[in-house]
Amino acid sequence: SRITPKKSQMLLFGPAVLRNQCSKYLHIMINSEKNETSYCARNLGLAMDVELRFSVHVSNCIKKAFTNLKLIYSQRQLLNQKFKKTVVRA
């Protein structure tokens, strides 16, 4: 199998000072194309950032949950009492 440069992202983990120093000298080529470092990359549904704080992933999860909650709320008249209790307890 081949690595596609356009779909590939490179993360450099560590303190910001060291990342900045290393990124100046780190040049990785894939199929003769330079691969730049990224702040965040997605792998198997998990958004990882270079600081391993997962703030991007948590924000995405909250955004998705809030959107789903708004959809459920707009249809609340159609939901039975048991489902409403389940949503409230979750």
Side-chain angles (χ1 to χ4, degrees):
S1 70
R2 291 189 155 162
I3 297 176
T4 310
K6 291 178 182 164
K7 291 184 178 182
S8 300
Q9 292 178 313
M10 181 174 60
L11 297 179
L12 189 58
F13 298 103
V17 175
L18 291 175
R19 282 195 321 263
N20 292 336
Q21 289 174 351
C22 290
S23 64
K24 294 175 188 174
Y25 305 106
L26 189 63
H27 304 289
I28 297 192
M29 306 291 278
I30 300 175
N31 297 338
S32 68
E33 289 184 37
K34 186 178 177 188
N35 194 353
E36 299 290 334
T37 57
S38 300
Y39 175 77
C40 182
R42 207 169 177 80
N43 188 21
L44 299 174
L46 177 69
M48 291 180 21
D49 57 271
V50 294
E51 296 170 351
L52 293 176
R53 294 186 190 270
F54 303 102
S55 55
V56 174
H57 183 74
V58 171
S59 295
N60 289 342
C61 289
I62 291 170
K63 207 180 301 181
K64 191 175 186 181
F66 186 71
T67 302
N68 288 335
L69 192 58
K70 282 190 344 188
L71 287 171
I72 290 171
Y73 184 77
S74 67
Q75 301 298 320
R76 66 188 180 281
Q77 299 87 2
L78 304 174
L79 305 174
N80 63 28
Q81 197 66 25
K82 183 178 177 185
F83 183 79
K84 288 178 186 179
K85 285 181 183 178
T86 303
V87 170
V88 169
R89 291 181 185 150

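As the structure is a prediction and not an experimental result, all values here were calculated from the model.
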Undergrad: To the nearest 0.5 Å, tell me how far Asn60 CG sits from Cys40 SG.
TA: 7.5 Å
Undergrad: Looking at OG1 of Thr37 and CD of Gln9, how far apart are the two atoms once the value is rounded to the nearest 0.5 Å?
TA: 10.5 Å
Undergrad: Please report the shortest heavy-atom distance between Val56 and Ala47, naming the atom on each side.
TA: CG1-CB, 4.0 Å
Undergrad: Are Lys64 and Asn68 close enough that some pair of their side-chain heavy atoms sits under 4.5 Å apart?
TA: yes
Undergrad: Identify the two heavy atoms, one from Leu11 and one from Ser38, that lie closest to each other, and give their separation to 0.1 Å.
TA: CD2-O, 3.2 Å
Undergrad: Who pairs with Glu51 by salt bridge (Lys or Arg N to Asp or Glu O under 4.0 Å), at least two apart in sequence or on another chain?
TA: Arg19, Arg53
Undergrad: Return the CE to CD distance between Met10 and Glu36, rounded to the nearest 0.5 Å.
TA: 7.0 Å
Undergrad: With a cutoff of under 4.5 Å between side-chain heavy atoms, which Ile, Leu, Val, Met, Phe, Trp and Tyr residues group with Leu79?
TA: Leu69, Ile72, Phe83, Val87
Undergrad: Rounded to the nearest 0.5 Å, how far does NZ of Lys34 lie from NE2 of His27?
TA: 5.0 Å
Undergrad: In Å and rounded to the nearest 0.5 Å, what is the CG to CE distance from Leu52 to Met48?
TA: 6.0 Å
Undergrad: Please report the shortest heavy-atom distance between Pro5 and Ile30, naming the atom on each side.
TA: CG-O, 3.5 Å
Undergrad: I'd like to know if Ile28 and Phe13 are part of one continuous hydrophobic network [Ile/Leu/Val/Met/Phe/Trp/Tyr, side-chain heavy atoms within less than 4.5 Å].
TA: no
Undergrad: Between Asp49 and Phe54 (side chain of the first, backbone of the second, donor and acceptor by atom type, cut-off under 3.5 Å), is there such a pair?
TA: yes
Undergrad: Do Leu26 and Tyr39 belong together in a cluster built from hydrophobic side chains that touch within less than 4.5 Å?
TA: no
Undergrad: Return the set of residues passing salt bridge (Lys or Arg N to Asp or Glu O under 4.0 Å) with Lys6 (not counting sequence neighbours), or none when no residue passes.
TA: none
Undergrad: Working to the nearest 0.5 Å, report the span between CD1 of Ile3 and CD of Glu33.
TA: 12.5 Å
